[in-house]
*Asks:* 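One structure, pasted below without further comment.
Residue numbering restarts at 1 for every chain, and letters A, B, ... go by the order of the sequence lines.
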There are 2 protein chains.
Amino acid sequence: MLRSYLICISYDGTDFCGYQIQDNGRTVGGVMLHALQRVFGEVVNVAGCSRTDSGVHALNYFISFKAESNMNPETMVKAVNANLPDDVVVKNCREVPEDFHARYSVISKEYEYRMYTTGVRSPFLRNHALFLRYPLNIDLLNDAASYFVGTHDFRSFMASGSKITDTVRTVYKSEVSAAENGLVTFNIAADGFLYNMVRIAVGTLLEVQQGKIRPEDIKNIIKALDRNKAGFTAPPHGLYLKEVNY
Amino acid sequence: MLRSYLICISYDGTDFCGYQIQDNGRTVGGVMLHALQRVFGEVVNVAGCSRTDSGVHALNYFISFKAESNMNPETMVKAVNANLPDDVVVKNCREVPEDFHARYSVISKEYEYRMYTTGVRSPFLRNHALFLRYPLNIDLLNDAASYFVGTHDFRSFMASGSKITDTVRTVYKSEVSAAENGLVTFNIAADGFLYNMVRIAVGTLLEVQQGKIRPEDIKNIIKALDRNKAGFTAPPHGLYLKEVNY
């Protein structure tokens, strides 16, 4: 019997060209498809919860697929992991209704962006957090970040060239905090994200920190519906897909 | 005027074939020498504080050298860092007496070994901590680790084939603890270490955890002066040179 499954994976995006399968380049989707085929033989309707860029990481990323199988979820997790390289891992697996889809069934997602400003760059964080040479004012950044919350047309925060036309999204959470380990994190949850939306939001927050714009200017940047009004696109290696709610 | 300097560096050992310069293979020593020569022209008496194996990391590693220079330490740090790849960084630099030597002037060193046992392996720790499929009993491991403290002939904890004849070392600290981030760390400080001593000590502690030997057996393993009596050599990627005291 063809069953529908949802698996949760985590990956270090450093050595991947993103999720989306491509002809050239090692992708998370490609590596996962190969492992699923090794375990199940044929798998169909394989769908990832989002496209992630090259270098972007995932703490929790979801993939739905259908396969003929009688394996229990625990055995399945071990079997798939035995066929994966060490920069990606299956955390858990569950059976889902037939019409479930990892991308279209998403209710909301949360991303985290990690930065640090300690005196000297860390070799250990080179691919995992953005190093900044200036201190961060958490209160100032939080003030700025709060303007993202709500239902807005986020066209100003979409990479130019993106073909999407419905650019209205609802942001539920947008917070900057100092973590214990010295990292500063920006957490943003929404019902959906435009292409590069989080990275452009981070770049804009950093321009607030640099004094180029004021926190309240973000209101007008959103209203402008113009990518040129927002800040730069922060690099991918600080970005993590943190949670997906179905 | 030829001045003597001591620089403190940190590196992620993942992509290095250890510290020691070799003809083939990218080494920390090779990369550092290249950067120092770019900044100072000629550098002489370049010495690292210890040999570290391929895959071993350093939070604080010291290199002494002599060069003709009038640069202040802060400028020097920036100049050298501008010539280094992103997996190694200079943290600070100071002038030292003429007869100072990064290796021979060492009073004591501390290593840290990182392990974790959370349900599933982490893609983010694949090169930075040892993943274990069984839980660790911190009290049991601490009991075992305590037998390393003191002045002993540690021949049983030296890689076979090592040519060193003076195998007596004094261990000042030997402790296992659970860190906040879910890691379990083994910290060991001594006036010196034999080749693979920390990794064999970790392998032996893990055999205590596995019930193959009792904590107090470590006393007899030390007395045996026989590598075959000690445990396996734990892999290099969990090991960090943490501190060096001069």
*Asks:* Of all of A:Asn92, A:Val90, A:Asp87, which one pairs up most often with chain B through heavy atoms under 4.5 Å apart?
*Replies:*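 Max contact count across the listed options: A:Asp87.
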
*Asks:* Report yes if the distance between the aromatic ring centroids of A:Phe124 and B:Tyr240 is under 6.0 Å, otherwise no.
*Replies:*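 Yes: the rings meet the under 6.0 Å criterion.
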
*Asks:* Quickly, which of B:Ile63, B:Asp53, B:Thr27 forms a side-chain contact (heavy atoms from CB on, under 4.5 Å) with B:Tyr19? Name it, please.
*Replies:*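 Of B:Ile63, B:Asp53, B:Thr27, side-chain contact (heavy atoms from CB on, under 4.5 Å) with B:Tyr19 is met by B:Ile63 alone.
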
*Asks:* Can you see whether B:Lys173 engages B:Asn187 through a side-chain donor-acceptor pair at a distance of less than 3.5 angstrom?
*Replies:*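 Side chains of B:Lys173 and B:Asn187: no pair found under 3.5 Å.
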
*Asks:* B:Val77 versus chain A, heavy atoms under 4.5 Å apart: side chain, backbone, both or neither?
*Replies:*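 Contact with chain A is absent: no heavy atom of B:Val77 under 4.5 Å.
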
*Asks:* Would you mind telling me which of B:Val89, B:Val88, B:Thr14 has the largest number of heavy-atom pairs within less than 4.5 Å of chain A?
*Replies:*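 Ranked by contacts with chain A, first place is B:Val89.
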
*Asks:* Tell me, side chain or backbone of B:Leu84 under 4.5 Å from chain A's heavy atoms, or both, or neither?
*Replies:*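 It is both, since atoms from each part get that close.
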
*Asks:* Let's test your reading of the structure: which of A:His57, A:Arg126, A:His128, A:Lys91 forms the most heavy-atom pairs below 4.5 Å with chain B?
*Replies:*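 Max contact count across the listed options: A:Arg126.
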
*Asks:* Contact part of B:Asn81 toward chain A, heavy-atom cut-off under 4.5 Å: side chain, backbone, both or neither?
*Replies:*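 Contact with chain A: backbone and side chain both.
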
*Asks:* Would you say that more than 12 heavy atoms from the other residues, nucleotides or ligands in this model lie under 6.0 Å from the CZ of B:Arg38, or not?
*Replies:*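 No, not enclosed.
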
*Asks:* What are the two closest non-hydrogen atoms of A:Lys109 and A:Ser50, and how far apart are they?
*Replies:*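 Smallest heavy-atom distance, with atoms named: NZ-CB, 3.2 Å.
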
